[in-house]
**Student:** 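Provided herewith is a single structure, encoded as structure tokens, for subsequent inquiry.
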Amino acid sequence: MIVMKFGGTSVQDASAMLHVAAIAEQYGDEQILVVSSACSGMTSELLKLATDSVHISDEERIQRIAVMENRHISIVSSLGIEEQVGHRIHELCNGLRNTCEGVALLGECTPRSSDAIASFGELLSTVVLQGLLQQHNASTWYDAREVVKTDSGYQVAQVDFSLTQSMASKKLKPLFDSHRIIVTQGFIGSDSDGNTTTLGRGGSDFSAALLGAALHADEIIIWTDVSGIASADPRMIPEAHFIETMSFDEARMLSFFGAKVLHPETIIPALSNNIPVHVRNTFKSADKGTTITQLGDKDAIGFRSVIGKQIVTCVNISGIPGTDYYNKKFELLDQISRLSGQQPLIHARVGESETYVYDAPMHHLSQCIDKEQNLMNITVEEYSLISAIGPNLRSEHSKKAVGKFYETVLSVDPQPVFISGIQPQTVSALVAPDCAIDILKALHPHCS
Ligand code: ASP
Ligand code: MG
């Protein structure tokens, strides 16, 4: 059994949905659990509608829901399945209208209402998708809230893994006896009172990993709009290629240092159950994509990808002797975190001086820094953060490649700050922002 997760762009319109149907066909007799996101943009629109319902007019609220309803109706009408599923779309949209009216009447949008409203995106997209798949396959629609069990932490609900696992094997698995394909929703679940919850933005990948683990799937395929995880950002480096296999740690480092395809943390349930996760392109289904496994390609040497964060801010702090700067320093760091909404990416300490690197431009931070100059020496500088990532850069075999990294960075920026050894998968440098692209271009040919 394979779990296939389709992201928002893979179900954004009729033509995208036809690609999904073709993929389901390519898999012949294989049993498939389809976990789908909402049509792209829907979740954001629904969340906005939820909070706006408190203050907009009845007409505007009704009008905005009509636009969403029409979008789905026009998809099913182009797919020629309006007769089969049109009524279900109307039913769901009636539910959405009622929930939003409730918010309007109460004049308050609670996190619980917000989750209930957000869930309609996935409920709608899956009704459409199942209607389409039904034409050629024995398929059924399944409400993920029946099995994905969470606490009541609305908007970022925590999953009860063992309950979800037992519900999935009791209720979901037997459906494969009579259906080749089951279509369900990502992102949504329910709490012990049966209220709808959501797993946080982008939560569908997590749903797929979770259900894959619960059902002991053979593999999980995350279908998206790019052909896997690339050796560099193709917009900057057109020669970038997709990496066939990588370890979970490499994927994690890539995402930490700037890659956007996948949040690797969300696939942990799959990997910790030894289920490989593939990232593939719905629109180019012949492309191999990237396979992520716990161990990855252990024999690979050197670095296999390069990535940059265009602007990071380095805050260097050292205390002025004789002053009681210690508590002030923590206050300052606290303030920076609140202002930037971030914890430092990197923290390094040499004796009494410390460096904190934040993934944010400087003007966000300077406001709180100015006030503290009398107790601490603080300097703030903007850099680009360039990183090379490979399975094990500490190994003897990778030494040459790491040497190349240092040499190449220095050939473009004579005064970088190297950061290495934090994780065995990465070596990084802080460089002048106007050198960043040239450095990435010079480094990429050294990817193994
Ligand atoms: N539809 C949800 C979102 O946009 C979940 C997902 O797509 O993964 O955040
Ligand atoms: Mg996503």
Side-chain angles (χ1 to χ4, degrees), residues 3-13 16-17 19-20 33-51 64-65 67-68 71-72 75 89 92-93 95-96 99 109 111-130 141-145 147-148 150 153-159 164 183-190 196-213 220-226 229 251 255 259-270 277-283 292:
V3 172
M4 294 194 181
K5 180 259 175 175
F6 291 93
T9 50
S10 300
V11 292
Q12 66 188 352
D13 53 25
M17 294 234 187
H19 283 277
V20 175
L33 175 69
V34 171
V35 176
S36 181
S37 289
C39 301
S40 64
M42 271 295 284
T43 307
S44 303
E45 279 167 37
L46 284 163
L47 287 170
K48 189 149 188 327
L49 173 69
T51 48
R64 276 161 65 173
I65 298 171
V67 170
M68 297 178 193
R71 174 174 180 186
H72 290 84
I75 296 177
I89 292 172
L92 284 169
C93 289
L96 175 60
T99 317
C109 179
R112 183 171 132 189
S113 309
S114 168
D115 273 4
I117 291 170
S119 71
F120 283 97
E122 271 71 10
L123 294 171
L124 284 162
S125 65
T126 50
V127 160
V128 179
L129 201 51
Q130 194 265 329
W141 185 88
Y142 193 77
D143 190 330
R145 293 172 295 187
V147 293
V148 177
T150 71
Y154 299 106
Q155 297 175 324
V156 279
Q158 298 297 309
V159 170
T164 300
V183 180
T184 195
Q185 307 77 38
F187 182 54
I188 67 174
S190 69
T196 300
T197 55
T198 64
L199 311 181
R201 293 307 306 269
S204 294
D205 293 339
F206 185 57
S207 302
L210 188 69
L211 292 171
I220 294 174
I221 309 179
I222 308 273
W223 292 98
T224 177
D225 51 12
V226 289
I229 300 176
S255 136
K260 301 236 158 48
V261 183
L262 180 83
H263 274 295
E265 310 299 331
T266 64
I267 58 169
I268 289 178
V277 176
H278 309 277
V279 179
R280 297 185 59 185
N281 191 340
T282 305
F283 306 97
I292 306 167

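Whatever order the structure lists ligands and atoms in, that order sets their numbers, starting from 1.
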**Student:** Does any part of the side chain of Val11, heavy atoms only, come nearer than 4.5 Å to the side chain of Val128, both counted from C-beta?
**Tutor:**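 Result no, sub-4.5 Å side-chain heavy-atom pair not found.
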**Student:** Is Gly202 in polar range of ligand 1, meaning some N or O pair under 3.5 Å apart?
**Tutor:**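 It does: an N or O of Gly202 is found under 3.5 Å from an N or O of ligand 1.
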**Student:** Run the numbers for me: atoms of ligand 1, each under 4.0 Å from some heavy atom of Glu122, listed by number.
**Tutor:**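 Near Glu122, the atoms of ligand 1 are 1 (N), 2 (C), 5 (C).
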**Student:** Is there a donor-acceptor pair closer than 3.5 Å between any side-chain N or O of Ser190 and the backbone N or O of Arg145?
**Tutor:**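 Present.
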**Student:** Check this for me - ligand 1, Asp205, N or O atoms closer than 3.5 angstrom, yes or no?
**Tutor:**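 By distance alone, the answer is no.
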**Student:** Please determine whether any non-hydrogen atom of Gly203 lies less than 4.0 Å from an atom of ligand 1.
**Tutor:**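 Flag set, Gly203 near ligand 1.
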**Student:** More than 12 foreign heavy atoms under 6.0 Å from NE2 of His263: is that the case here?
**Tutor:**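 Incorrect, the count does not exceed 12.
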**Student:** Which ligand 1 atoms are under 4.0 Å away from a heavy-atom of Ser204?
**Tutor:**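 Near Ser204, the atoms of ligand 1 are 5 (C), 6 (C), 7 (O), 8 (O).
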**Student:** What are the atoms of ligand 1, with element, lying closer than 4.0 Å to any heavy atom of Ser37?
**Tutor:**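 In order of numbering, the contacting atoms are 6 (C), 7 (O), 8 (O).
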**Student:** Using distance alone, with no hydrogens and no angle criterion, decide if Thr197 and Thr150 have a side-chain donor and acceptor under 3.5 Å apart.
**Tutor:**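 Result is yes, a qualifying pair exists.
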**Student:** Considering only heavy atoms from C-beta outward, does the side chain of Val127 approach that of His72 to under 4.5 Å?
**Tutor:**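 Counting from C-beta outward, Val127 and His72 never come under 4.5 Å.
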**Student:** In the structure I gave you, are the side-chain heavy atoms of Met42 and Ser37 within less than 4.5 Å of one another anywhere?
**Tutor:**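 Result no, sub-4.5 Å side-chain heavy-atom pair not found.
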**Student:** Hey, which atoms in ligand 1 end up nearer than 4.0 Å to a heavy atom of Arg201?
**Tutor:**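 In order of numbering, the contacting atoms are 3 (C), 4 (O), 9 (O).
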